[in-house]
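The structure appears below as structure tokens.
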Amino acid sequence: MNDLGRLEDLPADYVAELRALNLVPLWPSLRGVLPPNTPTRQTQATHWPYKTIKPLLLKAGELTPIEKAERRVLVLANPGHTLEKMQASAAMYLGMQLLMPGEWAPSHRHTPNAVRMVVEGEGAWTTVDGERCPMSRGDLILTPTGLWHEHGHDGSEPVIWLDVLDLPLAYYLEVSYHLNGARQDTKPGQGDRAYARAGVVPTPVFGRSGKRYPMLRYPWADAKAALESLAADRPDVDAVQVTYVNPETGEDVENILGFHAMMLRPGQTLQLPARSPAAVYHVIEGAARVATEAQGFDLVAADTCCIPGYTATTLTNASASAAAFLFIADESPLHRKLGVYEVRPDNQPHMP
Ligand code: GTQ
């Protein structure tokens, strides 16, 4: 509650005089912008079931040709931010994108960072900075800030993927814009081949690649194998999780958002402490329940949900026989860089 003076306590003509001069008294709003203990979050826990999105996305394919859409995307908008803002959380944007056989989404580049998590369909590719990246279910493909990218499709069925961008932050910072370009020539070299095994990196005689983004495609087959081998190696460890990193530096693949893959063993329940960043959970394989103290969502394959920051979360794999595999996107690199990253194992504030 606001125990400081209210705006109504002030004479109306005084407030009007201030406003005419673009001045605002702080004290009536101080508790609003600096609330006690836990930040105010517009982000609401929200579930987007894939089975509800897919038919509407295919309908968009009939209604709007790719030439008119440039990117044919249904945005997964968080109602807590209002739908018009097209944001899933403070920093994250989510969209489901459809490409039909033979279509081409032209080359452009922009200041926001993006990744694609492939949901369904074979035969599509994204060319990023001249590297042609094939798209198969569960693959993660980066299109980091400033890199040219275009999508094409040589297959015979619709291809759908989940876009994750830091667009809301870039827009808020007033740095969001794009440039259009010509169809890219593809160059030899595939990061996922050059960096196919952890712990060894290419050294072309006189040093390392020096590329800020040496690896652009993270095949699901490799991430899944890493999770399975980690789970087998560490039966004592509950959280079977890997983070998508730059293989040259070990740092998060992009500057602002973080990306992870998690395996829930059959029957497993995993308690995640409240942490400052908002998180997005997307099921690659299997099914999982994502629950907060207030509510829970039962996610099946290709479903996506968003959980606000500072919220303890319980993940459950109800299957007695099948592992569940999740893709997780969060705002942790941003929070760490800003010095506000916080973990609350006891749900109490631990201001860094
Ligand atoms: O595929 O380049 O969902 O530029 C939003 C903006 C996808 C893309 C989105 C984009 C793209």
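Just so you know, residue 1 is the first one in the sequence shown, and it goes up from there. Just so you know, ligand 1 is whichever comes first in the structure, and atom 1 is the first atom listed for that ligand.
- Other residues sharing the hydrophobic cluster of Leu167, ordered by chain and number and joined by side-chain separations under 4.5 Å: Val73, Val75, Met86, Tyr93, Leu165.
- Every atom of ligand 1 with a heavy atom of Val73 under 4.0 Å away is listed here by number and element: 3 (O).
- Inspection of the Thr126 and His149 side chains reveals no N or O donor paired with an N or O acceptor under 3.5 Å.
- Contact check on Glu17 versus Arg19 returns no salt bridge, with no Lys/Arg side-chain nitrogen under 4.0 Å from an Asp/Glu carboxylate oxygen.
- For His108 and His110, the gap between ring centers is short of 6.0 Å.
- Leu179 belongs to a hydrophobic cluster with Trp148, Tyr177, counting contacts under 4.5 Å between side-chain heavy atoms of Ile, Leu, Val, Met, Phe, Trp and Tyr, direct or through other members.
- When heavy-atom distances to ligand 1 are checked against a 4.0 Å cut-off, His178 has no atom that comes that close, whether in backbone or side chain.
- Less than 6.0 angstrom separates the ring centroid of Trp161 from the ring centroid of His151.
- In summary, the atoms of ligand 1 found under 4.0 Å from a heavy atom of His151, numbered by their order in the structure, are 1 (O), 2 (O), 8 (C).
- Counting the atoms of ligand 1 from 1 in the order shown, those under 4.0 Å from a heavy atom of Gln97 are 1 (O), 7 (C).
- Among all protein heavy atoms, the one lying closest to atom 8 (C) of ligand 1 is Arg71 NE, 2.9 Å.
- Thr186 and Glu131 share no side-chain donor-acceptor pair at under 3.5 Å.
- Of all the listed residues (Val75, Asp163, Leu167, Leu165), Leu165 holds the heavy atom that lies closest to atom 6 (C) of ligand 1.
- Protein heavy atom in closest approach to atom 5 (C) of ligand 1: Tyr93 OH, 3.5 Å.
- Remark: minimum distance from atom 10 (C) of ligand 1 to any protein heavy atom is reached at His110 NE2, 4.0 Å.
- Distances below 4.0 Å separate heavy atoms of Arg116 from the following atoms of ligand 1: 1 (O), 2 (O), 7 (C), 8 (C), 11 (C).
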